[in-house]
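These notes are about the structure you will find just below.
For reference, positions follow the sequence shown, starting with 1. Values in this document were obtained by computation on a predicted structure and should not be read as measured data.
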Amino acid sequence: LGLLISVPVLAASPQIEAAIRVIQTVGTDTNRLKTFCELMKIDEQNEPNPNAILEARMDKLLEELGPDFRQVWDTAESIDPASEDGKALHAALDRLSQRCPHG
């Protein structure tokens, strides 16, 4: 009997792989990286208690980063961070944010 055993695949879904490529392209463009770093800083400030002014600034920065990155951001906000796709996407965002100046 040739039974097929499904093995969980560690690779992210095509949608997430495309999102990771978008994140990587932001890292290759100095201006987009700077905008991304600003976005991450505001996101941290906004995390504990969301604020309309910070949300508006984040929207403006997301607009500057382009519709492809906007889609990645929305996916990152809605995906289960514990899922394989969530882990892959958040790891890519973390790697990019590590390139931001801290302090």
Would a distance-only check, ignoring hydrogens and angles, find a side-chain to backbone donor-acceptor pair under 3.5 Å from D68 to V22?
no
Are L96 and L33 close enough, and set up right, to give a side-chain contact (heavy atoms from CB on, under 4.5 Å), and what steps lead you there?
CA-CA 8 Å; L96 187 59; L33 180 60; 3.5 Å; yes
Should P81 and K87 count as side-chain neighbours, where that means a heavy-atom distance under 4.5 Å?
no
Distance (rounded to the nearest 0.5 Å) between K41 NZ and L54 CG
11.5 Å
Any chance you could lay out the side-chain contact (heavy atoms from CB on, under 4.5 Å) test for E64 and R32, step after step, and finish with the verdict?
CA-CA 8 Å; E64 284 177 39; R32 286 180 89 192; over 6 Å; no
Ignoring hydrogens and geometry, is there a side-chain-to-backbone donor-acceptor pair from D85 to S13 under 3.5 Å?
yes
Is the CD atom of E44 crowded by more than 12 outside heavy atoms at less than 6.0 Å?
no
Approximate separation, where rounding is to 0.5 Å, of E38 CD and I42 CD1:
4.5 Å
Can you find a heavy atom in the side chain of P101 that is under 4.5 Å from one in the side chain of C37?
yes
Could you check T25, V26, N31 and say which one makes a side-chain contact (heavy atoms from CB on, under 4.5 Å) with D29?
N31
Stepwise side-chain contact (heavy atoms from CB on, under 4.5 Å) test for L93 and F36
CA-CA 10 Å; L93 285 167; F36 171 81; 3.9 Å; yes
Is it true that D43 and R57 have a side-chain N and a carboxylate O under 4.0 angstrom from each other?
no
Report, as yes or no, whether the 6.0 Å neighbourhood of atom CD on E63 holds more than 12 heavy atoms from other residues, nucleotides or ligands.
no
Evaluate side-chain contact (heavy atoms from CB on, under 4.5 Å) for H90 paired with I79, printing each intermediate quantity in order.
CA-CA 10 Å; H90 286 280; I79 200 166; 3.9 Å; yes
I need the L61 CG to T35 OG1 distance, nearest 0.5 Å.
6.5 Å
